[in-house]
Amino acid sequence: MVMYKSTRGGSEEVTASAAILQGLAPDGGLYVPTSVPKLPVSMRELSRMSYRDTAYAVLSLFLTDYTEDELRACIDAAYDDKFDTEEIAPLVQADGAYYLELFHGATIAFKDMALSILPHLMTTAAKKNGITDKIVILTATSGDTGKAALAGFADVPGTEIIVFYPKNGVSAVQERQMVTQKGGNVHVVGITGNFDDAQTGVKKMFGDDAMKSALAAKGYRFSSANSINIGRLVPQIVYYTYAYGKLLAEGHIQDGEKINITVPTGNFGNILAAYYAGKIGVPIAKLICASNTNKVLFDFFETGEYDRNREFVLTSSPSMDILVSSNLERLIYHIAGNDSKKTAALMAGLTSKGRYEITDEMKEGLAGFSAGYATEEETAEAIRTLYERTGYVIDTHTAVASYVYRRYVNHTHDFTRTVIASTASPFKFARSVLAAIDPELAKADDFALFDTLAKVANVKLPPAVTELLSAEIRHDTVCETAAMPAVVKQILGL
Ligand SMILES: *Cc1c(COP(=O)(O)O)cnc(C)c1O
């Protein structure tokens with residue numbers, strides 16, 4: 001039985017389903033598995049498995065208190081025709097690398113990979129733990145996570161989801177994606193403040209005991225779909241495992257041959273999943289962590305010092321504009337020799353001074369990582385050169401990884417086969433992508449750019465984009481930040 005405990009040591013061990021219901025551990029730490037088992041199948045067997053079967057092999061290792069029937073039901077409900085390809089996560093070879101396309105789900109970005117299964121893992125967890133309350137997901141979003149959570153939870157029985165977004169702080173496409181969301185249990189609210197205001201407002205409600213008891217009296221309980229939930233982390237291990245099987249099946253690698261993985265990184269969740277893929281036995285040599293101009297992680301890997309005291313820069317890869325990478329805490333815990341005291345002390349430094357420094361011994365635990373970053377110009381250059389060489393069009397986040405990988409190869413001459421996590425469809429960031437290829441192409445409104453991009457990339461418009469253009473607006477509530485709790489009460493009839 002794999003149990004979960006807090007990186008900060010302050011709470012008892014819990015089952016996987018309890019950890020998924022909780023999200024964050026009560027002491028503010030992140031849940032980590034007490035042991036990491038090995039895959040029960042060989043890489044050769046893996047190479048013959050579908051995405052769903054691979055998902056079962058990986059999920060059953062970590063979520064040991066779920067039955068096979070429960071896990072298979074969650075997997076079947078998640079990885080179905082919400083994805084526009086049978087393969088779920090296709091691998092595309094271009095210019096000497098393998099792009100693992102994680103954007104074929106409902107919102108055309110990689111958060112769909114985990115957020116399409118999390119609601120099912122969560123409602124199953126509630127049943128297993130004898131909880132009959134309806135789960136209310138509260139989320140503040142700067143754009144992408146909100147839509148992926150809405151799509152994941154829409155019409156999932158036993159849940160309601162309320163998403164707050166800054167009314168004037170998201171792109172036109174992002175807003176359209178959210179306000180057209182269908183589902184009897186989805187609620188989308190614009191606030192007159194910025195993203196931080198939305199986030200603070202949500203955190204306050206999570207900590208508001210009076211509100212919690214009012215909720216409980218009506219048979220509701222809050223939960224969060226945040227990226228620190230192990231119910232989001234574990235499903236992300238699946239696609240790296242699947243990608244290895246694919247490379248083997250297609251004869252690009254020998255059985256057992258190690259691969260490198262490059263990940264465009266923000267909150268450190270996606271790359272941490274690749275790290276766990278290595279732990280369960282997927283042959284991985286290097287994990288290459290790619291940052292944009294907000295290169296706090298690059299600096300950390302270079303120096304061993306994490307320092308968030310710096311200017312926050314808005315870039316063309318907004319989902320990586322992050323100064324506190326929450327999931328890094330799990331890696332810190334592991335390289336500290338699973339020492340929760342050390343981890344808690346370092347995290348206390350992050351809270352009080354905005355910085356911490358790891359020991360030389362801990363630095364040795366980072367040997368399997370390499371890190372790099374790309375400036376705005378370099379990101380655009382990566383899109384343009386890949387397009388000119390191959391005709392393949394990547395989004396801005398993937399481009400950061402693509403650039404960092406190129407530079408890594410130039411410096412190291414390490415020609416190990418490499419998978420690059422492709423985290424968003426170029427359609428999601430059409431303006432920046434087209435501007436990188438040719439600024440003339442980007443001179444139109446956001447919605448008009450889709451057709452141009454389809455022509456340039458020689459691909460069909462993804463269904464998620466076509467639907468967006470004709471979808472009916474269903475949500476128009478806007479409130480002041482201070483009124484957020486009142487809006488929640490009104491929605492839930494408290
Ligand atoms: C969230 C996101 C990332 C960053 O992933 P993390 O798991 O937070 O490191 C990268 N690219 C896109 C498109 C994203 O939406």
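Note that the structure is a prediction, hence the values are computed from the model and not measured. All ligand and atom numbering here is 1-based and tracks the order in the structure.
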Fill in: Residue Phe110 vicinity, atoms of ligand 1 by number, heavy atom under 4.0 Å
1 (C), 2 (C), 3 (C), 5 (O), 7 (O), 14 (C)
Item to complete: Would you mind checking which non-hydrogen protein atom is closest to atom 8 (O) of ligand 1, with the distance to 0.1 Å?
Response: Asn267 N, 2.7 Å
Item to complete: Return yes if some donor-acceptor pair links the side-chain N/O of Arg417 with the main-chain N/O of Ile259 below 3.5 Å, else return no.
Response: no
Worksheet item: So, the side chain of Glu376 versus the backbone of Ser316: is there a donor-acceptor pair under 3.5 Å, distance only?
Response: yes
Fill in: N or O pair under 3.5 Å between Gly269 and ligand 1
yes
Worksheet item: Polar-atom distance check: Gly266 versus ligand 1, any N or O pair below 3.5 Å?
Response: yes
Worksheet entry | Polar proximity ligand 1 side, His397 side, N/O cut 3.5 Å exclusive | no
Worksheet item: Mind checking whether Asp395 has an N or O less than 3.5 Å away from an N or O of ligand 1?
Response: no
Worksheet item: Does the gap between the ring centers of Tyr4 and Tyr31 come in under 6.0 Å?
Response: no
Practice prompt. Give yes or no for whether the N/O distance cutoff of 3.5 Å, strictly under, is met between Thr265 and ligand 1.
Written response: no
Practice prompt. State which residues pass side-chain hydrogen bond (donor to acceptor under 3.5 Å, both in side chains) with Asn267; sequence neighbours excluded, sorted by chain then number.
Written response: Ser227, Ser326
Discussion item. Less than 4.5 Å apart, side chain to side chain, heavy atoms only: is that true for Leu30 and Leu24?
Written reply: yes
Discussion item. Please list the nearest protein heavy atom to atom 14 (C) of ligand 1 with its residue and the distance rounded to 0.1 Å.
Written reply: Lys111 NZ, 2.9 Å
Worksheet item: Non-hydrogen atoms of Ser227 versus ligand 1: any pair closer than 4.0 Å?
Response: no
Worksheet entry | Proximal ligand 1 atoms for Asn270, defined as those under 4.0 Å from one of its heavy atoms | 7 (O)
Worksheet entry | Atoms of ligand 1 close to Pro264 [distance to a heavy atom under 4.0 angstrom, numbered from 1] | 4 (C), 10 (C)
Worksheet entry | Asp321 side chain to Thr315 backbone, donor-acceptor under 3.5 Å | yes
Worksheet item: Counting each atom of ligand 1 from 1 as listed, which ones have a heavy atom of Ala424 under 4.0 Å away?
Response: 13 (C)
Discussion item. For the residue pair Arg330 and Tyr276, would you count it as a cation-pi contact if the rule is NZ or CZ under 6.0 angstrom from the ring centre and within 45 degrees of the ring axis?
Written reply: no
Fill in: Identity and distance of the protein heavy atom lying nearest atom 12 (C) of ligand 1
Thr423 OG1, 3.4 Å
Practice prompt. Please check if atom CD in Glu388 has more than 12 non-hydrogen atoms from other residues, nucleotides or ligands closer than 6.0 Å.
Written response: yes
Item to complete: State, without any angle test, whether Gln181 and His475 hold a side-chain donor-acceptor pair at a distance under 3.5 Å.
Response: no
Practice prompt. For Phe268, counting its heavy atoms only, list the atoms of ligand 1 lying under 4.0 Å from any of them.
Written response: 6 (P), 8 (O), 9 (O)
